[in-house]
Student: 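Attaching a single structure in structure tokens format; questions to follow.
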2 protein chains.
Amino acid sequence: MTFKTENFSAMDEIDKKILMQLQLNAKQNTKEIADKVGLSVSPTYERIKKLEQQNYIKGYVALLNGTKIEKSIIVFCQISLAKHSKELMDNFRKEIGSLPEVMGCYHVSGNYDFLLKVAVSDMNEYQKFAVDKLSVIKELSNVQSSFVLEELKNDTVYEL
Amino acid sequence: MTFKTENFSAMDEIDKKILMQLQLNAKQNTKEIADKVGLSVSPTYERIKKLEQQNYIKGYVALLNGTKIEKSIIVFCQISLAKHSKELMDNFRKEIGSLPEVMGCYHVSGNYDFLLKVAVSDMNEYQKFAVDKLSVIKELSNVQSSFVLEELKNDTVYEL
DNA sequence: CTTGAAAAATGTCCCGT
DNA sequence: ACGGGACATTTTTCAAG
């Protein structure tokens, strides 16, 4: 009888380099990535497939220019709930998930409960969002909005 | 003499559908996208190239799983500056740009000046970030941290 | 716009080391 | 695991309706 081989294979430095390259530019072909990490095409290809299967990669997407597509207004909303029951949380989760204006939603510790990142095309749209979509959510006790004057950084790249 | 033809070609509904598909999954081939937007491959291909050239698309990237790569701690930092001179702002901009932990930085209106989204692997790393990297920035008058308990939504997809 | 074709580039997989 | 090479798919360009 032998011991089972561990199926748990941790990322090594080469995997990290591959992921970094894919984070920076997913349109690179396997050869380009292979050259940058110092391997040939085959092992690079296999590693990428493995990283995908192991769910290191959520997906491959195109990032759009907010300015070009008329989503120049970004607002952060600090939201406080009146109650904190599980049903309320689940309901809030569901409501937020269905709002396309909401690009980020975080349950946070501190002086308020949720932080929302909202992207809209103009003030009129924001007003409609705040009045018709946000404020209709039950048990919402307080909303404080901060308008973004300038986006200095908006990165999808994690340090590895 | 004739009037010049406008080189300004606005996006139509098909372009929006294409961009939406690319936002959702950039790994789709042209045929798949063509089917979804109701065109054949050739014009779909041409439209994508045109949208890229016209800078509608910032880039194509792989999105990683924060949990799988040991970046489970997300913190939002509300930062107030003591002064608001142009030099100070420019310096702050530069400093922030060089910090890989900072995934988002927004100059905002309201009770504080900047909102930072920071991703780190553990509390020790956060402490090092806060003490060695953030607090050393001159003229920083106040930092208030909100730790993310749960990420309900983190989307790169703009509504179109 | 559509269809279809063709060449070039890439992705994908098998095999020998 | 890696590297090379063969094969499949896709990208990219083009012509004709």
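All values below come from the heavy atoms of this structure, side chains included, with hydrogens, waters and symmetry mates left out. Just so we're on the same page: letters track the sequence lines, and every chain starts at 1.
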Student: Taking B:Glu52 first and then B:Lys49, would you say they form a salt bridge - that is, a charged N and a carboxylate O separated by under 4.0 Å?
Tutor: yes
Student: Can you tell me how far OH of A:Tyr106 sits from NZ of B:Lys117, rounded to the nearest 0.5 angstrom?
Tutor: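 If we round to the nearest 0.5 Å, B:Lys117:NZ and A:Tyr106:OH are 3.0 Å apart.
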Student: Quick one: pull up OG in A:Ser145 and CG in A:Leu116 and give me the separation to the nearest 0.5 Å.
Tutor: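 So the OG of A:Ser145 and the CG of A:Leu116 are separated by 9.5 Å.
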Student: Report yes or no: does A:Asn65 contribute a side-chain atom to a donor-acceptor pair with the main-chain N or O of A:Lys68 at less than 3.5 Å?
Tutor: no
Student: Would you indicate whether A:Lys133, at its atom NZ, is surrounded by more than 12 heavy atoms from other residues, nucleotides or ligands within a distance under 6.0 Å?
Tutor: yes
Student: Please identify the 5'-most and 3'-most nucleotides of DNA chain C with any atom under 4.0 angstrom from a heavy atom of chain A.
Tutor: C:dT10 to C:dC13
Student: Atom NZ of B:Lys31 and atom OG of B:Ser40: how far apart are they, to the nearest 0.5 Å?
Tutor: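 Going from the NZ atom of B:Lys31 to the OG atom of B:Ser40 covers 9.0 Å.
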Student: Is any side-chain heavy atom of B:Asp90 less than 4.5 Å from a side-chain heavy atom of B:Glu87?
Tutor: no
Student: Checking the side chain of B:Gln28 only, and the main-chain atoms of B:Gln21 only, is there a donor and an acceptor separated by less than 3.5 Å?
Tutor: yes
Student: For A:Ser72 and A:Thr67, indicate whether the former's side chain and the latter's backbone hold a donor-acceptor pair under 3.5 Å.
Tutor: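 Side chain of A:Ser72 to backbone of A:Thr67: no pair is present.
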Student: When Ile, Leu, Val, Met, Phe, Trp and Tyr are grouped by side-chain heavy atoms lying under 4.5 Å apart, directly or through other members, which residues fall in the same group as A:Leu64?
Tutor: A:Ile69, A:Met103, B:Met11, B:Ile14, B:Ile18, B:Leu19, B:Met20, B:Leu22, B:Leu24, B:Ile33, B:Val37, B:Leu39, B:Ile48, B:Leu51, B:Tyr56, B:Ile57, B:Tyr60, B:Val157, B:Tyr158, B:Leu160
Student: Taking the side chain as everything from C-beta on, heavy atoms only, tell me whether A:Leu134 gets closer than 4.5 Å to A:Val136.
Tutor: no
Student: Please list, by residue number, the residues of residues 24-42 of chain A whose heavy atoms come closer than 4.0 Å to an atom of DNA chain D; answer none if no residue qualifies.
Tutor: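 Per residue number, the list reads A:Leu39, A:Ser40, A:Ser42.
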Student: Taking the axis from the first five pairs and the axis from the last five, what angle separates them in the helix from C:dC1-D:dG17 to C:dT17-D:dA1, rounded to 10 degrees?
Tutor: 20°
Student: For a 4.0 angstrom threshold against heavy atoms of chain B, report the outermost contacting nucleotides of DNA chain D in 5' to 3' order.
Tutor: D:dT10 to D:dC14
Student: For A:Lys153, give me all partners under salt bridge (Lys or Arg N to Asp or Glu O under 4.0 Å), at least two apart in sequence or on another chain.
Tutor: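 Checked A:Lys153 against salt bridge (Lys or Arg N to Asp or Glu O under 4.0 Å); zero matches.
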